[in-house]
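Report on one structure; see the data block that follows.
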Protein chains: 2
Amino acid sequence: MGGSGKPTISDVASLAGVSVSAVSKVVNGKSGISTATRERVLAAAAKLRWTPSATAVALRAARTRALGMVLRRGPGLPGTDPPFTLLVDGIERELTPRGYGLLLHVVGGEQGAEEAAYRRLAEEGRVDGVLLTGSRVGDTRFALLRDLGLPAVLVGTPWDDDPIPSVRATHPDRGIRQAVEHLLRHGHRRIAYLCGPGSRVHTHHRKRVFKEVLGENGFVPSPSVVDGDFTPAGAAVGVADLLAGPRPTAILFADDSMAVAGLSAARRLGVDVPRELSVIGHDDLPLSELVHPRLTTVRQDLVGLGQAAARVLLAALGEVEDAPVRVNPPELVIRESTGPAR
Amino acid sequence: MGGSGKPTISDVASLAGVSVSAVSKVVNGKSGISTATRERVLAAAAKLRWTPSATAVALRAARTRALGMVLRRGPGLPGTDPPFTLLVDGIERELTPRGYGLLLHVVGGEQGAEEAAYRRLAEEGRVDGVLLTGSRVGDTRFALLRDLGLPAVLVGTPWDDDPIPSVRATHPDRGIRQAVEHLLRHGHRRIAYLCGPGSRVHTHHRKRVFKEVLGENGFVPSPSVVDGDFTPAGAAVGVADLLAGPRPTAILFADDSMAVAGLSAARRLGVDVPRELSVIGHDDLPLSELVHPRLTTVRQDLVGLGQAAARVLLAALGEVEDAPVRVNPPELVIRESTGPAR
DNA sequence: GTGAAAGCGCTAACAG
DNA sequence: CTGTTAGCGCTTTCAC
């Protein structure tokens with residue numbers, strides 16, 4: 001009834017002088033409604049600014065039209081990692097037009113907090129599916145989600161052969177390959193790879209590609225891979241170590257933050273980039289263009305990845321036909337931090 | 001019924017051999033339940049891994065236990081601004097323990113997209129309230145939300161005297177004050193302020209504080225404030241201009257990204273920081289420690305701000321008693337990018 | 001073409 | 001103390 005609260009379908013119905021089921025059919029585009037009725041309903045709905053209650057629809061349909069994401073913050077991790085922002089951008093591009101929402105949960109690093117978050121999402125039925133990022137070595141999330149019956153899609157490469165649906169760029173190796181070849185072409189022979197945390201799947205993947213490409217070109221890569229467990233902060237230490245020994249002429253970093261830290265470390269040690277040392281990052285965050293020298297880096301199509309992941313999940317939920325979103329392959333963006341080997 | 005679907009309250013009731021209302025009372029901690037019954041119910045619920053359906057509860061209570069946030073991306077804005085990440089961290093610290101969710105909506109810069117997002121949130125009844133950030137000059141969001149009847153809390157300073165509830169640090173001016181005084185103490189006399197986009201309220205606020213502090217110390221600040229409309233990318237240009245004229249010995253930047261861009265610009269022009277030029281940022285993003293020289297910057301308690309905002313909104317919704325979260329005042333973090341005037 | 005009525009999973013009166 | 005029942009706002013058979 002009138003006055004204060006939000007209007008309901010019956011308010012619209014009485015204003016239009018029809019039954020509630022007529023209103024329902026109209027808003028859901030069902031057939032069996034005369035044009036006259038349809039218009040009266042539409043007019044009434046517009047006048048009342050009425051839209052079906054998401055909760056009521058959700059209860060009825062046993063579908064919330066919301067997807068979930070749980071992010072683990074710290075320890076040591078910088079809140080949420082920066083690529084996250086671009087990913088969400090892509091995800092939302094698929095969700096918003098379809099009236100889906102994205103429910104975010106940031107959890108602490110405490111044991112079990114993450115699992116509890118997924119459990120709650122599933123048991124309370126708050127979302128229809130979840131998106132996963134930051135694939136981990138020995139990742140237990142897939143098994144958990146399967147157990148909970150929550151549809152899930154991973155952005156990235158699954159650990160081992162977890163049968164979890166996942167999305168990846170076409171030619172996922174292309175960027176690193178280009179990076180190494182770029183370096184080789186510039187005469188670099190001692191190239192080091194400073195990898196990220198060993199707990200992340202992409203760390204191993206990228207390291208492997210790095211070695212492969214070097215191998216194909218007749219170089220023994222092993223001594224050049226620094227098997228650390230590097231965060232941005234740790235990267236500085238890694239660089240210092242590297243520069244102390246038989247000095248590489250180029251370093252590839254696992255991500256842009258590490259590369260920026262590496263840039264600073266080099267500078268601090270009086271090593272000029274790119275004259276004495278070439279540096280390559282990974283991701284092409286906005287940051288890469290802000291530093292000096294501007295960072296040569298492997299660009300990832302984070303937005304495309306987010307979009308693709310959302311589509312695949314939506315498709316699994318029967319919301320969308322198929323999922324042919326093209327994710328651009330990673331590509332090397334050459335800026336100022338690389339140059340010829342001296 | 002058994003088998004496949006999610007268990008419902010009646011599954012629990014029959015398993016425990018009681019009525020559904022008994023189960024309801026138990027999970028909601030109502031009185032009038034014998035200990036024996038309570039335990040049988042709890043056991044049954046645990047066995048079935050049952051938790052009340054969030055949707056059903058929401059429909060019943062006309063409360064979703066979810067808060068919303070709509071973020072405007074671009075044009076020109078870097079996806080989502082970095083401080084956002086810390087803010088969300090703080091927000092979730094209040095929401096998660098209370099079973100509240102955070103619904104995120106990222107919208108494009110197109111005219112009306114933002115308003116449409118709020119409208120949908122309100123009309124579909126997807127959230128109980130919204131959190132606002134990035135207070136804008138002539139901000140229309142408050143009026144809109146008021147119109148929509150959606151409770152809202154702003155993180156930051158409202159434009160003009162919008163009566164929107166908002167949260168701020170205690171002593172909001174302290175950080176900038178400390179920054180200017182730090183510079184003055186080191187003999188700087190020509191200090192410039194490179195401000196952010198004029199559309200943001202904090203731009204004007206910070207600029208005003210900057211002038212005030214300088215004025216209190218007997219300096220005429222006007223020529224030193226660069227009235228641009230600076231993004232991180234634009235900051236480089238601003239710095240170049242500044243360094244071309246009667247050169248300042250120190251520059252304060254509206255945020256850390258701009259400061260980093262400024263650092264690079266200075267370096268590109270052969271100006272040494274901090275020897276020839278001191279640089280101060282704002283926010284203390286993780287980035288500030290990664291660059292060289294490490295950035296002296298005004299730290300903001302973003303996590304505290306997020307927490308406080310969430311609490312105020314939760315309080316307005318009657319979910320929590322009062323909202324006495326203390327937000328630490330901004331404070332200057334002195335690192336390497338500042339030094340004595342030469 | 002249209003409307004009446006059942007029911008999604010839950011909570012809150014109200015009886016017993 | 002415990003169970004029965006009426007809806008919350010919507011969609012969907014199923015009669016008319």
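Convention: sequence-line order gives letters A, B, ...; per-chain numbering from 1.
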Interatomic distance where [atom1] belongs to [X] and [atom2] belongs to [N] [whole Å]:
X: B/L48; N: C/dG9; atom1: CG; atom2: C1'; result: 14 Å
X: A/N28; N: D/dT13; atom1: CG; atom2: P; result: 12 Å
X: B/E123; N: D/dG9; atom1: CD; atom2: C1'; result: 16 Å
X: A/R40; N: C/dT2; atom1: CZ; atom2: C1'; result: 12 Å
X: A/I9; N: C/dA5; atom1: CD1; atom2: P; result: 16 Å
X: A/K30; N: C/dG3; atom1: NZ; atom2: P; result: 18 Å
X: A/R63; N: D/dG9; atom1: CZ; atom2: C1'; result: 20 Å
X: B/L59; N: C/dG7; atom1: CG; atom2: P; result: 17 Å

Look at the side-chain N and O atoms of [X] and state whether any lies under 4.0 Å from the OP1 or OP2 oxygen of [N].
X: A/S19; N: C/dG3; value: yes
X: A/T37; N: C/dT2; value: yes
X: A/S53; N: D/dG9; value: no

**B/R65 bridged to B/E319 by N-O distance under 4.0 Å** = yes
Can you find a donor-acceptor N/O pair under 3.5 angstrom joining the side chain of [X] to the base of [N]?
X: A/S21; N: C/dG3; result: yes
X: A/K25; N: C/dG1; result: no
X: B/K6; N: C/dG9; result: no

Whether [X] side chain and [Y] backbone form a donor-acceptor pair below 3.5 Å:
X: B/R120; Y: A/T96; result: yes
X: B/S135; Y: B/T157; result: yes
X: B/K6; Y: A/A122; result: yes

Counting side-chain heavy atoms from C-beta on, which of [options] comes nearest to [X]?
X: B/V57; options: D/dC1, C/dT11, D/dG3; result: C/dT11
X: A/S34; options: C/dT2, D/dC10, C/dG3; result: C/dT2
X: A/R60; options: C/dT11, C/dG7, C/dT2; result: C/dG7

**Request:** Check whether more than 12 heavy atoms from other residues, nucleotides or ligands sit under 6.0 Å from atom CZ of A/R98, and answer yes or no.
**Result:** yes
